[in-house]
2 protein chains.
Amino acid sequence: MNPLFHEIFQTTRDITNKLNSCLKEHDLYSSQWTILYTINKNGPMSLTDIWKYLKVEAPTVTRTVARLEQLDWIVRTEGEDRREKIVSFSEEGKKKFPAVLASVLRFEEGLIETFNDEEQQQLLELICKLKGRTNHWEI
Amino acid sequence: MNPLFHEIFQTTRDITNKLNSCLKEHDLYSSQWTILYTINKNGPMSLTDIWKYLKVEAPTVTRTVARLEQLDWIVRTEGEDRREKIVSFSEEGKKKFPAVLASVLRFEEGLIETFNDEEQQQLLELICKLKGRTNHWEI
DNA sequence: GTATTTTATTTACCTAGGTAAATAATAATT
DNA sequence: AATTATTATTTACCTAGGTAAATAAAATAC
């Protein structure tokens, strides 16, 4: 395997693992955090809103949202269209979110602090260019 | 979440998914491919050799190697140290490997073809720098 | 107005990563 | 030599991604 891809995969694993240990004190995992962050940013969302936004398949979101409901971070309510379920913060979740956000922002800051704006921009552009290339591989 | 991290995660998911569909014609998944590639490069290896090389936990390798044995890609033999199991290609696996390698090289080439050497080098360096930062986050 | 199609979600099951603890063989201590 | 510690692998179980198919509600077609 091209060492570039090897490094990219390993780096994302590393980041996910470290993010998970940073989230441990809040009894959360990274994918759970991602959903909380998303509904905090966008307000109440249906499952479809969420998986389209995160570009992940629907069953993955169903599972994580179900777990978040068990843990009393969010509630699922029926939408006007009775097929859809709307995900929003529970009272508990609303209270606890800011502390998690603070932890994660500190973590991200630690990752990126030695990157200047130009380097961040370069990395973002190169990654997006690489992602764009994946579309040229349709079976 | 910082859009940079979001893009990196999404890009690796995209690449893995596309690699999986490229491997489908060979009845393989990406992690299985990674192990085949590794023993092709390094020759017969113990499980510990493999997980240290790939920087993945041991149980993950145990599982994937067991699956590869079921599928008759590899064989596990007892080492001189009777605790360790040595992983090497089966006869079938040895025969089938080159075709898979060719597919994957084509796939990787398609991903990277619009990157010149400087861009590849830049991306590799930025990713490695980012990975290095994860070590500064010890709980 | 009924039948069909589409859409939203879920269920079942696969790979793929992780941790913690069990087991068995080897190495080290005493 | 017997005990203890280390090492290699495995088992059990968690999150986290995927696909395929089931279900139920809504939208569309006829």
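Only a predicted model underlies this, so the values are computations on that prediction, with no experimental measurement involved. Letters go in sequence order (proteins before strands), and every chain restarts at 1.
Minimum atom distance to the side chain of B:P59 is reached by C:dT19, of the listed D:dT19, C:dT19, D:dT9.
OP1 or OP2 of D:dG17 has not a single side-chain nitrogen or oxygen of A:K55 nearer than 4.0 Å. Here A:R82 reaches the OP1 or OP2 of D:dA26: one of its side-chain N or O atoms lies under 4.0 Å away. In this structure, A:R76 reaches the C:dT10 phosphate: one of its side-chain N or O atoms is under 4.0 Å from OP1 or OP2.
Between the CH2 atom of B:W33 and the P atom of C:dT15 there is a distance of 19 Å, given to the nearest Å. Distance A:Y29 OH to C:dT19 C1': 8 Å, rounded to the nearest Å. At whole-Å resolution of the value, CD1 in B:I8 and P in D:dG17 are 16 Å apart. In this structure, CG of A:L23 is placed 9 Å from P of D:dA16, rounded to the nearest angstrom. Nucleotide C:dA25 holds its C1' atom 14 Å from the CD atom of B:E80, rounded to whole Å. One can place CG of B:L19 at 18 Å from P of D:dG17, the figure rounded to the nearest angstrom. Nucleotide C:dG18 holds its C1' atom 13 Å from the NZ atom of A:K18, rounded to whole Å.
B:T16 comes within contact range of no nucleotide atom at all, as no heavy-atom separation falls under 4.0 Å. Using a 4.0 Å heavy-atom cutoff across all strands shown, A:T48 reaches sugar-phosphate atoms only and no base atom. The residue B:E57 sits close to a base: some heavy atom pair falls under 4.0 Å. Backbone-only contact: A:V56 has heavy atoms under 4.0 Å from sugar-phosphate atoms and none from a base. Nucleic acid contact for A:T60: base, since at least one base atom lies under 4.0 Å from a heavy atom of the residue.
In terms of position along DNA chain C, the nucleotide closest to A:D49 lies nearer the 5' end than the nucleotide closest to the other residue of the pair B:Q32 and A:D49. Projected onto DNA chain C by closest heavy-atom contact, B:R63 and A:K24 fall at different nucleotides, the more 5' of which corresponds to B:R63.
Remark: A:F89 CZ to A:I74 CD1 distance equals 9.5 Å, nearest 0.5 Å.
Looking at B:E109 and B:R106, no side-chain N of the basic residue comes within less than 4.0 Å of a carboxylate O on the acidic one, giving no salt bridge. Salt-bridge check for A:K131 with B:E7: passed, with a basic side-chain N closer than 4.0 Å to an acidic carboxylate O.
Judged by atom type and distance alone, A:R83 does not reach the base of C:dT9 through any side-chain donor-acceptor pair under 3.5 Å.
Checking A:T11 against A:D14 by side-chain atom types alone, no donor-acceptor pair falls below 3.5 Å.
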